[in-house]
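Every number for a ligand or one of its atoms is a count from 1 in the order of the listing. On a predicted model such as this, the values are computed, not experimentally measured, just so you know.
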Amino acid sequence: MSVSFDIAVIGSGAAGIAASVSAARAGARTLLLDARPAPGGTGGFSGLTTLCGLFDAQGNHLNDGFPREFAESLAESAPVQMGRVWVLPYRPEKFRALAVQLLAPVTTRWNTPVSATAKHNRILTINDFPVGAVIDCTGTAAVAQTIGADWLSTDATTQAPAVVFPLRNVTAELNSPAAVARVVLPVARAGLPMLTFQPNLEPDTVTVKFSGRPEQVLPVVEFLRQNVPGFAQCEAPRHFTLSERAGRMIVGRYVLTGADVLAARKFPDAVARCAWPIEQWNAAGTAYFRYLPDGEHYEIPARALQSATVENLFMAGKTLSADDDAIASARVMGCCLATGAAAGKLAISACSR
Ligand SMILES: Cc1cc2nc3c(=O)[nH]c(=O)nc-3n(C[C@H](O)[C@H](O)[C@H](O)COP(=O)(O)OP(=O)(O)OC[C@H]3O[C@@H](n4cnc5c(N)ncnc54)[C@H](O)[C@@H]3O)c2cc1C
């Protein structure tokens, strides 16, 4: 069968952007498709404004190459230290625009849910295009589900969905845990959701996250206006979406575990590094962070990016072969960029087999 595309990448979030750009730059005819109308995925469309997982404990890049290039193109400020980790503040609109620019050498199809055919443990077509290899970056293991390959799912009780939104006209200083506590505690005592705040590059604006339902946003904002100094004029957008932390991972030749993460394990076939803690959230908005040893990072082996059973199926980002604990670390976008870029290169070797 003639191959229309060497590589098909499904899902255009951080992982899918990295996978398709790195495959195309290596000379592969690359197709990227997404059910959404434009590239960006969770990083571009869910209201997030901090890219996590790029840096070690000193704020140095963990992964050179595409993750660093993407971060440096996106950056409008220095990384910010938040407790024991560093994050890069960004604008979601710039994330989306950068994705469009970088994807120029890739053939793209938007508003296109994936379909696939497979035979003898090999994917033959994606949406009727003959393909050499496939990289599932959907966060839902959509390709594996379509062809019946094995997948694992995360536990929604430790990966509760959250609402993320910008809150404008905030004049309160939120520059220390004590300052944040003065805002968060009265909100929680009033029976409203536990809020977390993150940097936002717009002036007098913070990004608010809470595990809960979109209809809780307006009561939260009204409470802040009435009761909390610095929030009297605050404004939230009119529409909010719920973002799913939980997802599905494809079972690979190696399943990365929480024990690997916490032991800062290294692998002979390592293709990416990550130092982000295991970050779990319950429905009440309480976060549980389990950190690596000081100054350490763990590695992700190439085998965790290759399906255990389908010889030309690869995965990256939130779809990585990992258990419930490990994905709660490796799903941050810095790590998705790194595993995506690695999967783009690995998949090329499977095209010609
Ligand atoms: C509430 C919340 C807060 C978070 N906070 C942060 C944070 O502050 N910083 C950080 O770095 N990370 C954060 N994360 C984690 C991070 O945003 C995601 O894990 C990461 O963006 C996943 O990237 P990805 O490329 O693997 O998948 P995604 O960005 O989710 O992209 C998957 C893409 O696949 C497409 N797709 C899905 N199914 C199909 C299908 N059947 N056919 C075609 N296309 C399909 C989707 O439309 C989507 O565009 C947060 C996540 C959540 C939910």
Residue-level breakdown please: for Ala15 versus ligand 1, do any non-hydrogen atoms fall below 4.0 Å on the side chain, on the backbone, on both, or on neither?
both
Is Gly53 near ligand 1, meaning one of its heavy atoms is under 4.0 Å from it?
no
Closest to atom 43 (C) of ligand 1 (heavy atoms only, candidates Gly43, Ala18, Ala35, Gly247) is Ala35
For atom 41 (N) of ligand 1, what is the closest protein heavy atom, and at what distance to 0.1 Å?
Ala142 CB, 3.4 Å
Hey, what's the ring geometry for Phe231 with Phe197, parallel, tilted or perpendicular (30° and 60° as the breaks)?
tilted
Suppose I only count heavy atoms of Thr112 and a 4.0 Å limit; which atoms of ligand 1 are within that range?
43 (C)
Going by the atom numbers of ligand 1, which of them fall below 4.0 Å from some non-hydrogen atom of Ala14?
25 (O)
Name the closest protein heavy atom to atom 28 (P) of ligand 1, giving the residue it belongs to and the distance to 0.1 Å.
Thr42 OG1, 3.4 Å
Nearest heavy atom to atom 46 (C) of ligand 1 wins, so pick from Leu51, Asp34, Ile17, Leu33.
Asp34
Could you check whether Asp34 pairs with Arg109 (Lys NZ or Arg NE/NH1/NH2 to Asp/Glu carboxylate O, under 4.0 Å)?
no
Protein contact of atom 22 (C) of ligand 1 - nearest heavy atom, named by residue and atom, plus distance:
Cys336 SG, 3.8 Å
Protein heavy atom at shortest distance from atom 1 (C) of ligand 1:
Ala162 CB, 3.5 Å
Between Glu202 and Arg91 (salt bridge meaning N to carboxylate O under 4.0 Å), is one present in this structure?
yes
At a 4.0 Å threshold, what atoms of ligand 1 neighbour a non-hydrogen atom of Arg36?
47 (O), 48 (C), 49 (O)
Starting from atom 9 (N) of ligand 1, find the nearest protein heavy-atom neighbour and note its residue, name and distance.
Thr50 O, 2.8 Å
Say whether Tyr90 and Val208 are linked into one hydrophobic cluster, either directly or through other cluster members, by side-chain heavy-atom distances under 4.5 angstrom.
no
Closer than 3.5 angstrom, by distance alone: can the side chain of Asn63 be matched with the main-chain N or O of Arg273 as a donor-acceptor pair?
yes
Could you tell me whether Arg303 and Asp269 make a salt bridge, using a distance below 4.0 angstrom between a side-chain N and a carboxylate O?
yes
Would you say the rings of Phe95 and Phe45 are close, in the sense that their centroids are separated by under 6.0 Å?
no
Note the single closest protein heavy atom to atom 6 (C) of ligand 1, along with its residue, its atom name and the distance in Å.
Leu48 CD1, 3.6 Å
So between Val114, Thr339, Thr241, whose heavy atom ends up nearest atom 42 (N) of ligand 1?
Val114
Taking heavy atoms and a distance under 4.0 Å, where does Gln198 meet ligand 1: side chain, backbone, both or neither?
side chain
Counting each atom of ligand 1 from 1 as listed, which ones have a heavy atom of Cys52 under 4.0 Å away?
7 (C), 8 (O), 9 (N), 10 (C), 11 (O)
What atoms in ligand 1 come closer than 4.0 Å to a heavy atom of Arg331?
14 (N), 15 (C), 16 (C), 18 (C), 19 (O), 20 (C), 50 (C), 51 (C)
So that I can tick it off, tell me whether Glu296 and Lys266 are bridged by a salt bridge, with the cut-off set at under 4.0 angstrom between side-chain N and carboxylate O.
yes
If we number the atoms of ligand 1 from 1 as shown, the ones under 4.0 Å from a heavy atom of Gly13 are 25 (O), 29 (O), 31 (O)
Suppose we measure from atom 34 (O) of ligand 1 to each protein heavy atom; which comes out shortest, and what is that distance?
Gly11 CA, 3.2 Å
Under a 4.5 Å cut-off applied to non-hydrogen side-chain atoms, are Leu102 and Glu69 in contact?
yes
Nearest neighbour of atom 32 (C) of ligand 1 from the list Cys137, Gly41, Gly334, on a heavy-atom basis
Cys137
Any idea how Phe267 and Tyr254 line up, ring-wise: parallel (<30°), tilted (30 to 60°), or perpendicular (>60°)?
perpendicular
Under 3.5 Å side-chain donor-acceptor pair for Gln280 and Asp155
no
N/O of Ser243 under 3.5 Å from N/O of ligand 1, yes or no?
no
Atom 39 (C) of ligand 1: which protein heavy atom is closest, and how many Å away?
Thr138 CG2, 3.8 Å
Quick one: which ligand 1 atoms are inside 4.0 Å of a heavy atom on Gly317?
26 (O)
Distance filter under 4.0 Å to Pro113 heavy atoms, resulting ligand 1 atoms:
42 (N), 43 (C)
Kindly indicate whether the side chain of Ile7, heavy atoms from C-beta on, has any atom under 4.5 Å from the side chain of Ile348.
yes
For the residue pair Phe289 and Tyr291, does the interplanar ring angle fall in the parallel (under 30°), tilted (30 to 60°) or perpendicular (over 60°) class?
parallel
Check whether any side-chain heavy atom of Asp325 lies under 4.5 Å from a side-chain heavy atom of Thr257, and answer yes or no.
no
